[in-house]
Each structure stands twice: as C-alpha cells, then as structure tokens.
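Each remark here refers to the structure printed beneath this line.
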Amino acid sequence: MRVLIWIVVLVALLVGGVWLGGESWLAGRATAMIDQRQDVAASAVTPLRETRRIGLRADQVEVTGQLRGAPVEMTLPWVDLWVPPTAPVELHATLPETAQLTLDGQPVAAQMQAAEMSLRVSPTKNMAVSRVNLSSGVVDLDGQALLQAVSADARLASLGHDAPPAAGAAYDVDLALDGLDPAVLAGFGLPPLVLPGQVGLQGQARVWLDAAPGRGMLQGQREQVRPVGFRSDGMELSIGDLTARLVGEVLTDDRGLPTGRLALYSTDGQAWLKAASDAGLMPAAGVSFGNVVLNGLSQFPMEPVQKEGAEVPAAPARTGFTFPAPAEGETRLPLFLRDGKLFLGAIPIARLPGSRKG
C-alpha cells in the first residue's frame with residue numbers, strides 16, 4: 001500500500017512538473033510570437049498556474065488594424081488564453097468586460113458582457129483553424145448599446161465545385177445577432193441610417209476565405225486572411241418589427257469590391273420600401289405607387305438579361321445558385337451589388353464602402 005501511495009505521489013509530481021514547465025514554455029513561445037508581429041503587443045505574458053486549465057495571461061494587450069481605411073486600435077487590460085487538459089487542440093480566450101478603442105485618434109470606451117472565444121485547430125491540416133466559436137452579451141460603446149447579443153459558430157468545410165476561384169478555404173457559419181443599433185456606429189464615421197428599429201440576423205451561410213487561418217498567420221509569416229465571398233439559402237433579417245428572409249451570394253471582384261445578388265422575401269414589402277425611403281436609399285415617390293412598384297420588383301429577373309440596347313443591371317451570375325420565386329402573398333425585393341453600387345432592381349440606391357465616386 002505504501003509503495004502504491006509513493007507511485008501516485010511520484011506520478012503527481014511528474015505531471016505537475018510537466019504542467020508548470022509547459023505553461024512556462026507556452027508563455028515564452030507566446031512572447032516570441034508577439035514580438036514577431038507588428039499588429040499585436042502585450043506588456044507581459046505569464047503562466048496561469050491553475051489546475052483546471054493550461055494557459056497564460058497576457059496583460060495590456062494592444063491590437064492595431066484598419067476600419068474603412070482609418071487606423072483602429074483596441075487595448076485590453078488582460079486576455080486569458082488556455083487549453084482544456086482533455087482537448088489539447090482547442091484554444092479558449094476569456095476576455096475582460098472593458099476595453100479601449102481608438103479610431104483615427106478618437107478614444108471610445110467599450111464594455112462587453114461575458115465575451116468568450118474558442119478555436120480548434122487541425123493537426124492533419126497544418127494546424128489550420130477548423131472551428132471557431134464567438135459569443136458575447138451586451139456590447140456598449142461610450143455608454144451606448146451597440147448590440148444586445150451575438151454568437152457565431154464557424155466550421156471548416158470542403159471547398160466544393162462551386163467555390164469562387166479566389167477561395168482557399170470555406171467555412172459553414174451559424175450566426176445569431178440581436179439588437180444591433182446602427183446609429184451607434186455613426187460614431188465610427190459610418191453614415192447614419194434612419195431605420196425603424198434595431199437589426200437582427202439569424203441563420204446559416206457559407207463563407208469563403210482566400211486561405212484558412214493557421215500557423216503561418218499566427219506567427220506573422222503571412223497577411224491576415226481575406227473574405228472572398230459568402231452565400232446563404234436563407235437568413236432571417238429583422239429591423240424593428242419588419243422581418244424578411246435574406247437569400248443571395250456575394251463575391252469580391254478584382255478591385256476587392258463586393259459584387260453579387262441578394263433578395264429579400266417578405267410579406268410586407270411595402271413597409272420595407274418605406275423603410276428604405278426613410279433611410280434615404282430611394283425616393284419617396286417610389287413608395288407612393290405601392291403595389292405597382294412591388295409587383296414590378298417581384299418580377300424583376302435575378303439572372304442577367306440582355307435587352308435591345310440595354311442590360312438589366314444585375315451582377316454576374318454563377319451557375320449552381322438560383323433564387324426561388326416569391327410565395328403567395330410574398331414580395332421579392334431584388335438587390336444587386338456591382339461597380340461599387342447597390343441597386344434595388346434597376347435603381348441605384350447606395351454607394352458601397354470603399355468605392356470611388358464617379
């Protein structure tokens with residue numbers, strides 16, 4: 001019995017030594033990786049020294065980047081990065097409730113409730129990220145609620161025959177966004193929109209990237225991955241009391257601008273047209289014609305159509321993706337993105353971010 005006890009104690013000491021030494025090694029590796037990057041900095045990286053998880057804490061983390069061409073910086077007082085002992089290929093991040101944003105020199109205080117993130121890597125695919133989970137409760141910017149809740153679950157999928165030429169990886173995404181207030185984003189230089197309530201979006205989509213995030217990106221050996229397109233067979237969109245089903249496919253063109261086709265299916269198309277008019281996206285005269293406009297929009301072809309002396313301003317269509325006809329009592333509002341503009345049918349209603357005037 002005494003021999004058995006000593007064996008257990010010896011094993012415990014060995015495991016503890018590997019555990020503590022492993023965390024110290026991780027802290028050293030993380031510090032070296034941060035030092036290699038220009039967009040991430042931390043004042044200190046230390047082992048967690050906890051029995052239920054292996055990991056480290058990074059203090060005073062600074063992340064820099066760009067938003068709409070303007071420099072943006074986020075400073076977090078701390079970030080915990082840890083791995084469950086039973087799942088060594090999973091990395092979890094626990095985030096603080098407060099952060100400081102700086103956009104083009106303007107400071108913005110941010111608060112996040114129960115913000116967490118986790119990712120899983122695939123050792124058989126050069127440590128590519130095979131799954132990402134992100135969730136947060138209420139997010140405030142300068143005391144104003146930007147959103148009520150958000151959760152996203154992305155899973156690495158096979159590219160498939162229908163992937164765009166620029167795609168190097170595909171992810172199937174489940175998204176749930178609730179209570180987004182676009183008016184708060186006006187503080188970031190985005191044009192304010194007059195909308196009849198907060199925005200919500202729920203459903204599934206396929207997202208294409210130019211490459212899967214992996215070891216090279218984490219070590220700063222390549223640029224951040226770029227989205228090159230997305231497709232959805234149906235996501236539930238709500239703005240206030242308005243609801244619609246969003247279907248479509250959008251890719252990026254050679255200039256990096258979005259190009260594609262979208263359609264909103266709703267039983268209250270008139271209210272959607274009024275909301276677009278109130279937001280300044282279309283003239284009020286278009287709303288006054290009521291059902292005449294709605295019927296014309298519902299019958300508007302989603303595929304490119306050549307007419308004598310003119311072309312219907314639809315984005316280039318790809319084989320394998322079709323739009324269903326509107327159901328009884330339902331309106332289909334056609335949206336096209338091309339040449340840096342957003343079209344409602346044949347009517348240009350907005351200029352896309354990043355496009356030049358002209």
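Worth knowing before you read on, the calculation uses all heavy atoms, side chains too, and leaves out hydrogens, waters and symmetry mates.
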Please answer whether the main-chain N or O of Gly143 pairs with a side-chain N or O of Asp140 as donor and acceptor at a distance below 3.5 Å.
no
Taking only residues at least two apart or on different chains, which pairs with a member in residues 142-157 satisfy side chain to side chain donor-acceptor pair (under 3.5 Å)?
Arg131-Asp153, Asp153-Arg155, Arg155-Asp174
Check whether Thr267 reaches the backbone of Gly329 with its side chain - one donor and one acceptor, N or O, closer than 3.5 Å.
no
Between Ser43 and Asp59 (side chain of the first, backbone of the second, donor and acceptor by atom type, cut-off under 3.5 Å), is there such a pair?
yes
Apply ring pair (Phe, Tyr, Trp, His ring centres under 6.0 Å) to Phe323 and list each qualifying residue two or more places apart in sequence or on a separate chain.
Phe321
Does Gln111 offer a backbone N or O that forms a donor-acceptor pair with the side chain of Thr98 under 3.5 Å?
no
Sub-6.0 Å ring centroid separation between Phe300 and Phe343:
no
Asp210 side chain to Arg226 main-chain N or O, any donor-acceptor pair under 3.5 Å?
yes
Suppose we screen for side chain to side chain contact (heavy atoms under 4.5 Å, CB included). Which residues come up paired with Leu134, at least two apart in sequence or across chains?
Met117
Do side-chain atoms of Arg53 reach the backbone of Leu48 as a donor and acceptor pair under 3.5 angstrom?
no
State whether the side chain of Ser266 and the backbone N or O of Thr331 hold a donor-acceptor pair below 3.5 Å, judged by distance alone.
no
Please check if the side chain of Tyr171 supplies one atom and the backbone of Val132 the other of a donor-acceptor pair under 3.5 Å.
no
Test your reading of the model: is there a side-chain donor-acceptor pair from Asp339 to the backbone of Lys341, 3.5 Å cut-off?
no
